[in-house]
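Right, one structure below, let's go through it.
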Amino acid sequence: MARAYDAVKIEQKWQHHWLEHGSYQVENDDPRPSYYCLCMYPYPSGPAHQGHVRNYTLGDLVVRHKTMQGFAVLSPIGWDSFGLPAENAAIKTGTHPRIFTDERIAELKTSLIGLGAVYDWRREICSHDPVFMRWNQVIFLRFLEAGLAYRANAAVNWCPGCQTVLANEQVLADGRCERSGDLVEKRDLEQWFFRITSYADELLAALDGLEWPDRVKVMQRNWIGRSEGAEFDLFVQAPDGGRSEVALRVFTTRPDTSFGMTYAVIAPEHPFVDQLTTENRRAEVDELRSRAALSTEIERSKAADTGEELTRRGAFTGSYVINPFNDQPVPVYIADYVLMGYGTGAIMAVPAEDERDFAFAGTYGLPVVRTVQPPDDFEGGAYTGEGPKINSGFLDGLDVATSKARAIEFLEEEGIGTRKVNYRLRDWLVSRQRFWGCPIPVVYCPDDGIVGVPEDQLPVVAPDDVEFLPSGQSPLALHDGFTHTTCPKCGGPARRETDTMDTFVDSSWYFLRFCNPWYSDGPVDPEGASRWMPVDQYIGGVEHAILHLLYARFYQRAMIDIGLLPSIEREPFRHYFAQGMIRMDGSKMSKSKGNLIAPAAYYERVGADALRLFHLFVGPPADDLDWTDQTDEIIDGCGRFLDRLWRLLTEEPVGTRTGPLNDDDVAFRRILHKTIRDVSQDIDRWSFNTAVAHCHELLNAFLRYARIEGGPHPDVFTEGADRFLLLLAPMTPHVAAELWERRHPGESSVHEQSWPSFDAALVTEDSVTMVVQVNGKVRDRIEVDPSIGAAEAEALALGSERVIEALAGASPKRVVVRPPSLVNVVA
RNA sequence: GCCCGGAUGGCGGAAUCGGUAGACGCGGAGGCCUCAAAAGCCUUUGCCGGCAACGGCGUGCGGGUUCGAGUCCCGCUCCGGGCACCA
């Protein structure tokens, strides 16, 4: 597209200017009030795509706007530079992940600079920087000391072909390994965990006070999944029919339904399985147990996709437990629908009031005893609604809530149970069997067990002389020089941990490091954190709404509680804005989908300003955006807007009139000041598309004004031009800076000016359109004084010829008057 | 299945508190300029009827509340997202 000005040239000029002048560098002792604006640091996957453009355009607008409003704005950026794609590339091409990653960072950095986004580049950090790794490892060791990091068995994804553990995202939807195609199994392996569940309650409760999108808060609430109920013992029946010493602990949210328990279920992995299984049942139980280990995950995901009812499989163990509420024995099953990872891994089954239990009971011919009276018209199996208790002894006749409380009282009196809250949230599994991540800094000593690497020996860095083989094994585990080490405690031979940390660990505190990336006495400078935290505005894709944001919230609290942070606010992100995703042909724009639209071609064709303007203008930033055939035409339209602005300010005569302002001058000034008001409001409420629309209206009015008879008044033209450029400075920074410089040679740049204010006297209307309706239909519009009274408005409306005509002789029954905007005559 | 969003012209979208539906842009149509084209400029553009003035219809569907509903309430349909055996 032919432009009115050389966009490439002026954009490069200003990008160099901002870099060379360190324009958005900010010192920690800056006297201005602080504002921390942060876009989620990107995974460096190569040149930017439109998702990046959108994200960093929003952040840049905020940074420039807040700076003009007089804040010291912290605008840092870095790179989430550990991760699987670099390692896969290494296996494919033999290039070391660091080389691959550094190249990708350079490409992405070029894209962002080309967008005109400004940062304090001195603060740039990346996850794979040894300094960052060192502090990452220090935090891990402090977590270990504090009991927040621990090692435990976990059921993990195991690929028999690759002979390794896979991360969830490496398991395809059909339950196969993404690399080898083998069916993934569940295996119990020792893994590292962070004790995020200790903070479950606080992480849940504190959501209420956050200024985040509601849907994100809802997602986090559901993810944490608090449920209240009771935990109690079911004693195993002794051979004589009475209670034995052994008890099965179960969790339920419906203790009120206990009288309806007709069997109990334990998970296939439950430690009591062997002990409860009688000899005649062992073959069947063992078969179910091995089958569950192999295939439940696959079948679950398959059932989830097709919406099919899951087949719940189980086997009777041969044992019975005694229901403490009615002393009746019920059979104990093992079944794949009970999960070891939740509650106690064992349940009382009440088919009448639980759909899963009902389905299972149907399959295995187990009885159903209702304890809640369903309504007469109820058809179906399990009834989970309200109703009076029946068949429930001392609970009969009570409602559900009351009988829950009574049932728990009973359990507590008997000393066999207690009120209990459970969470869906699990502890955070942080081990990854990968090379390209931050090594977990521990060694295993035959004598001293798990020993942390002393802090003066950190960081533990992966060796370079490794081979990337498509074996699926982490190269670290195959590197003798790395794995063979000495115990820091006893000096004897020891084995080094070869697992690395989940990359979500890096992103859980990088924003704290930005506060002072030069700090050398710890991971986070207490003064820097106190100065800048919490992040005032966090911006990023909603795909990180659960994990990243939850982990960061946990990290901030954990670091405060163990003294790695001063007692700053416990929430790291005060406001979070979730930008919508960019879709193409119905699917998300991403490298893996191969549907990336790189911005570089647009920088050359229409310029970064036009592309930025497009992203701001095309719709609300929270909404998804479809990249279609029409998109390029809209981008060209944004270029045309800038061309017309350029011509206006460089080619139109500014006028030669002197003396007082005439009506045209005043009318234009009114529009100008209203635009300043509207754009300011729109930016504050993140309605950038309407802010741009108001700029369009201003330009249309300005062009008309510039061409009026007698020409514009030079003072008004100047006022209009300067204020217009101030409004555009955060949105289209290059062209605003260039035009400003041409108008103000030798003076400070547009971005160093204050955000413009408007003249309140000019934005008050001297007349408004009053709508006159008859029976709710618009029949007339009358220009009136804004301060018009109700009586006058009514008289004007009833006097309207159009109203008289519409009434056709009928007399008004009622007149609704809402001066000055509306009168509705009801006939 | 459960939980959250959303649905407005040919298209992206606007309408901030229940009060002029369609701002602004894209696309289309017509015109000016030009030998011609591109660019630019001007006019027009929700649908139906009418030469026009104007009238009727219109915010996914069906009801309701209200003087008045895109906006609030009830019941659906479709699309998108999250979770998914969590007892």
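Residue numbering restarts at 1 for every chain, and letters A, B, ... go by the order of the sequence lines.
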Would B:rG40 be called syn or anti, given that syn covers angles within 90° of 0? anti
How is A:Asn689 classified with respect to the nucleic acid when contacts are heavy atoms under 4.0 Å: base, sugar-phosphate, or nothing? sugar-phosphate
Nearest-angstrom distance from the residue atom CD of A:Glu269 to P of B:rC85: 13 Å
Counting the atoms with a prime plus P, OP1 and OP2 as sugar-phosphate, which does A:Arg802 contact under 4.0 Å by heavy atoms, base, sugar-phosphate, or nothing? sugar-phosphate
What nucleic acid atoms does A:Lys777 come within less than 4.0 Å of, heavy atoms only: base, sugar-phosphate, or nothing? sugar-phosphate
Identify whether any heavy atom of A:Gly225 sits under 4.0 Å from a base atom; if not, whether one sits that close to sugar-phosphate; answer base, sugar-phosphate or nothing. nothing
Quick one: look up who B:rG30 pairs with, Watson-Crick or G-U, both distances under 3.5 Å, and put none if it's unpaired. B:rC42
Side-chain donor or acceptor of A:Arg215 under 3.5 Å from a matching atom on the base of B:rG5? no
Have a look at A:Arg704 and say if it touches a base, only the backbone sugar-phosphate, or nothing, with a 4.0 Å heavy-atom cut-off. nothing
Quick one: look up who B:rU66 pairs with, Watson-Crick or G-U, both distances under 3.5 Å, and put none if it's unpaired. none
So what's B:rG58 paired with, Watson-Crick or G-U wobble, going by both distances under 3.5 Å? none
In whole Å, I'd like the distance from the CG atom of A:Asn775 to the P atom of B:rA69. 12 Å
Watson-Crick or G-U wobble partner for B:rA15, using a 3.5 Å limit on both distances? none
With distance as the sole test, does A:Tyr602 use its side chain to make a donor-acceptor pair with the main-chain N or O of A:Ala610 at under 3.5 Å? no
Quick one: does any side-chain atom of A:Arg670 pair with a main-chain N or O of A:Thr764 as donor and acceptor, under 3.5 Å? yes
note: A:Arg221, atom CZ; B:rC83, atom P; distance rounded to Å ~ 17 Å
NA contact type, A:Arg685, heavy-atom cut-off 4.0 Å: base, sugar-phosphate, or nothing? base
Criterion side-chain contact (heavy atoms from CB on, under 4.5 Å) against A:Val338, the qualifying member of A:Thr344, A:Val250, A:Ile347: A:Ile347
Categorize A:Asn700 for me: base, sugar-phosphate, or nothing, with a 4.0 angstrom heavy-atom threshold over every strand shown. sugar-phosphate
Just say parallel, tilted or perpendicular for the rings of A:Tyr5 and A:Trp646, cut-offs at 30° and 60°. parallel
Should B:rC83 form a Watson-Crick or G-U wobble pair with both distances under 3.5 Å, which nucleotide is its partner? B:rG1
Check this for me, if you would: do A:Arg221 and A:Asp208 make a salt bridge, where the nitrogen-to-carboxylate-oxygen distance has to be below 4.0 angstrom? yes
With the threshold set at 4.0 Å, does a side-chain nitrogen-carboxylate oxygen contact exist between A:Asp636 and A:Arg605? yes
Taken to the nearest whole Å, CG/A:Asp629 to C1'/B:rC11 is 11 Å
For A:Asp6, side-chain contact (heavy atoms from CB on, under 4.5 Å) partners two or more places apart: A:Val8, A:Lys9
Please confirm whether the shortest side-chain N or O distance from A:Ser227 to OP1 or OP2 of B:rA87 is below 4.0 Å. yes
Rounded distance in Å between the P positions of B:rU71 and B:rU66: 16 Å
Could you tell me how far apart A:His694 (NE2) and B:rU16 (P) are, to the nearest whole angstrom? 12 Å
Using a cut-off of less than 4.0 Å, is there contact between a side-chain N or O of A:Arg424 and OP1 or OP2 of B:rC3? no
Using the P atom as the reference point in each nucleotide, state the distance between B:rG49 and B:rG82 in Å, no decimals. 46 Å
Determine the interatomic distance between P on B:rC67 and the same-named atom on B:rA29; round to the nearest Å. 48 Å
Measure from CG on A:Asp623 to P on B:rA14 and round the result to the nearest Å. 7 Å
Has the side chain of A:Glu697 got a donor or acceptor atom sitting under 3.5 Å from an opposite partner on the base of B:rC24? no
Now, which nucleotide makes the Watson-Crick or G-U wobble pair with B:rA53, with each of the two distances under 3.5 Å? none
Taking any heavy-atom pair under 4.0 Å as a contact, classify A:Arg640: base, sugar-phosphate, or nothing. sugar-phosphate
B:rA36: pairing nucleotide in any strand, Watson-Crick or G-U under 3.5 angstrom: none
Which part of the nucleic acid, if any, lies within reach of A:Val826 when heavy atoms closer than 4.0 Å are counted: base, sugar-phosphate only, or nothing? sugar-phosphate
For A:Met261 and B:rA87, what is the distance between atoms CE and P respectively, to the nearest whole Å? 18 Å
Mind checking if A:Thr631 touches a base, just sugar-phosphate, or nothing, with heavy atoms under 4.0 Å? nothing
A:Phe688 has an atom CZ; how far is it from atom P of B:rA14, in whole Å? 14 Å
Would you indicate what A:Glu633 reaches in the nucleic acid, counting non-hydrogen atoms under 4.0 angstrom: base, sugar-phosphate, or nothing? sugar-phosphate
